Amino acid sequence: MIKLAIVSPCYNEELVLKESAERLTELLSRLADNQKITHDSFVLYVNDGSKDRTWEIISELHQANPFICGLNLAHNVGHQNAIMAGMMTARNLADAVVTIDADLQDDLQAIEKMVDLHAEGNEVVYGVKINREADSWKKKTSAEMYYKLLNFMGAKTVYNHADFRFLSKRVLDSLAEYPERNLYLRGMIPLIGFKSATVDDVLSPRLAGESKYTLSKMVRLASDGITSFSTRPIEMILYVGIFMLFIAICMFFYVIGSIICNHYTAGWASLMMSLWFIGAVVTLAIGIVGTYIGKVYIEVKHRPLYIISDKLLNE
Ligand code: UDP
Ligand code: MG
């Protein structure tokens, strides 16, 4: 039996908290009664600098219900950082965490399956959205296109998985070794490794209120996803430079050819050649400098070189 912490970030969620707490308490006590988790498992609501009564409600819930705990952040730090704050706090208090949005759009049934899959030896269990009908058409298409782009850029992510996942204490301890600032948990967890599984996550509409993910927050997250895991955009500059150099060489032969055939306009040849050649040199130079910056970027991240999963030593 494990002690489970359900970490749930909340930003201006006063409309959903009571219902959310009720459902999560119900789930925790059922799982505890079925001997899957301990009776001191808990929900950890992380108040991400809300401007409404979110924290007051969490405090009231905590007074009345031993399953409910809270963490109050001093200001709004965003979804990813709020989840991280919750996970790093819970890691010293529980054996495993499940992160789930406070609006409970994700499938609560899946949490039991996550606990079962953990009992079978999985350290990470990803909730994978199988039904995005609760999301708008715009959100659905943009999300799917984005996952494809991320894959192309070389970031290892689980398709259609957001931040609904189960992590064991071992994974949380390994995650703590990643000191980076621009968090993109969907990319970091697969990077850590360990045995993992997925469960289906049937999405429902938000309990109440509106999406707290403004367009600018979404764009920032999307850009973090690419730039925190891939230096491919820089590599692409180098390829463009090489391509331009190739055109400059073709231009050179074309110009020589036209001079031989006496079929050219004065001034045109030298202009075209220098144009492509200078363009290629500048682009290549940016690409080369970029490659070094890419390396510096990877160095400053200070990610661990490896995470040990098991040891068989005669100590
Ligand atoms: N959230 C947060 N900080 C923010 C924005 C959102 O903690 O700055 C939380 C929010 O309360 C919710 C979760 O992140 O629990 C996901 O947000 P939301 O449901 O609004 O996003 P959507 O499901 O529309 O993508
Ligand atoms: Mg939501």
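In listed order, ligands and their atoms are each counted from 1. The structure displayed is predicted, hence computed values, not measured ones.
Here N12 has no heavy atoms under 4.0 Å from ligand 1, in either its backbone or its side chain.
Among the backbone and side-chain atoms of Y213, none of the N, O or S atoms lies under 2.8 Å from the Mg ion (ligand 2).
Between E144 and K140, none of the side-chain N atoms (NZ, or NE/NH1/NH2) sits under 4.0 Å from a carboxylate O, so this pair counts as no salt bridge. A salt bridge is absent between D224 and R220; no separation between the charged side-chain nitrogens and carboxylate oxygens falls under 4.0 Å. Salt-bridge formation is detected for the pair R206/E13: a Lys NZ or Arg NE/NH1/NH2 atom is positioned less than 4.0 Å from an Asp or Glu carboxylate oxygen. A salt bridge links E60 and R53; the closest N-O separation between the charged side-chain nitrogens and carboxylate oxygens is under 4.0 Å.
The aromatic rings of H161 and Y126 sit perpendicular, their planes meeting at an angle over 60°, well past the 30° parallel limit.
Of all the atoms in ligand 1, the ones that sit under 4.0 Å from a non-hydrogen atom of D103 are 19 (O), 23 (O). Near G78, with a cut-off below 4.0 Å to any heavy atom, the atoms of ligand 1 are 3 (N), 8 (O). Those atoms of ligand 1 with a heavy atom of Y213 less than 4.0 angstrom away are 17 (O), 20 (O), 21 (O), 25 (O). Heavy-atom contacts of A102 reach the following atoms of ligand 1: 15 (O) (cutoff under 4.0 Å). Distances below 4.0 Å separate heavy atoms of E13 from the following atoms of ligand 1: 10 (C), 11 (O), 12 (C), 15 (O).
Nearest heavy atom pair, residue I192 against residue Y178, reads CG1-CE1, 3.8 Å.
No other N/O/S atom of D103 lies as close to the Mg ion (ligand 2) as OD2 does.
Nearest to atom 16 (C) of ligand 1 by heavy-atom distance, out of I100, D101, T54, is D101. Closest heavy-atom approach to atom 6 (C) of ligand 1 within the set E210, Q105, K212, R206: this belongs to K212.
Closest to atom 24 (O) of ligand 1 among all protein heavy atoms lies S211 OG, 2.6 Å. For atom 3 (N) of ligand 1, the nearest non-hydrogen atom of the protein is D48 OD2, 2.6 Å. Protein heavy atom at the shortest distance from atom 14 (O) of ligand 1 is H79 CD2, 3.1 Å. Among all protein heavy atoms, the one lying closest to atom 25 (O) of ligand 1 is K139 NZ, 2.7 Å. What sits closest to atom 8 (O) of ligand 1 on the protein, heavy atoms only, is K217 NZ, 2.7 Å. For atom 1 (N) of ligand 1, the nearest non-hydrogen atom of the protein is Y11 CB, 3.7 Å. Here the heavy atom of the protein found nearest to atom 15 (O) of ligand 1 is P9 O, 2.7 Å.
For D95 (side chain) and K3 (main-chain N/O), a donor-acceptor pair under 3.5 Å exists by modelled atom type. The backbone N or O of I68 sits less than 3.5 Å from a side-chain atom of H62, completing a donor-acceptor pair.
A distance of 11.0 Å separates CG in N12 from CD in E210, rounded to the nearest 0.5 Å. Distance check: D101 CG to I83 CD1 gives 6.5 Å after rounding to the nearest 0.5 Å.
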Does the pair K301 and S228 meet the rule for a side-chain contact (heavy atoms from CB on, under 4.5 Å), with working shown?
-> CA-CA 9 Å; K301 272 186 187 293; S228 295; 3.9 Å; yes
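Residue contacts with ligand 1 leave out M218, since none of its heavy atoms falls under 4.0 Å from the ligand.
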